[in-house]
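What follows is one structure encoded as structure tokens, with my remarks underneath.
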Amino acid sequence: MIPDARTPGEAALVLHLLRAQPGHTFVQDDVSLGAEHTLVAGSVAGSALVTDLHLALLARASGHSLVTFDRGAAQVAAIVDAECELLSL
């Protein structure tokens, strides 16, 4: 068990509060990895990067920047020419 896990209701409230923040923009997910098969084949060295690739393609298609703590995601974003900001603690 995760000691500080939240209930679905608490998670929904947090999501609602985050979406209510000034400047929040909903990004429609209309990117298909199937349509990007050549990028998938050349960019992903394993199943762990599939989500990173999808998010990078979504950021690129919507004109947004992918913000991540994950160096692997930043590398995938660079491969598909998506803007990316790599954060560190």
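- Using a 4.5 Å heavy-atom threshold, the side chains of Leu86 and Thr68 count as touching.
- Summarising the local packing, NE2 of His16 is surrounded by 12 or fewer heavy atoms from other residues, nucleotides or ligands at distances under 6.0 Å.
- For the atom pair CG (Leu13) and CG (Leu18), the distance works out to 9.5 Å, reported to the nearest 0.5 Å.
- With contacts defined as side-chain heavy-atom distances shorter than 4.5 Å, the pair Arg60/Val31 does not qualify.
- Note that the CD atom of Gln75 and the CG atom of Leu49 stand 8.5 Å from one another [nearest 0.5 Å].
- With rounding to the nearest 0.5 Å, the separation of CG in Asp52 from CD1 in Ile79 is 10.5 Å.
- Val80 and Val27 fall within the same hydrophobic cluster, defined by Ile, Leu, Val, Met, Phe, Trp and Tyr side-chain heavy atoms under 4.5 Å apart, directly or through other members.
- Taking every heavy atom of both residues into account, Leu66 and Ala77 meet most closely at CD2-CB, 4.2 Å.
- Summarising the geometry, atom CG belonging to Leu55 is positioned 6.5 Å from atom OG1 belonging to Thr51; distances are rounded to the nearest 0.5 Å.
- Phe69 and Val67 fall within a single hydrophobic cluster, where Ile, Leu, Val, Met, Phe, Trp and Tyr side chains are chained together by heavy-atom contacts under 4.5 Å.
- Nearest heavy atom pair, residue Ala59 against residue Ser65, reads CB-C, 4.2 Å.
- In this structure, CZ on Arg71 lies 7.5 Å from OG on Ser88, to the nearest 0.5 angstrom.
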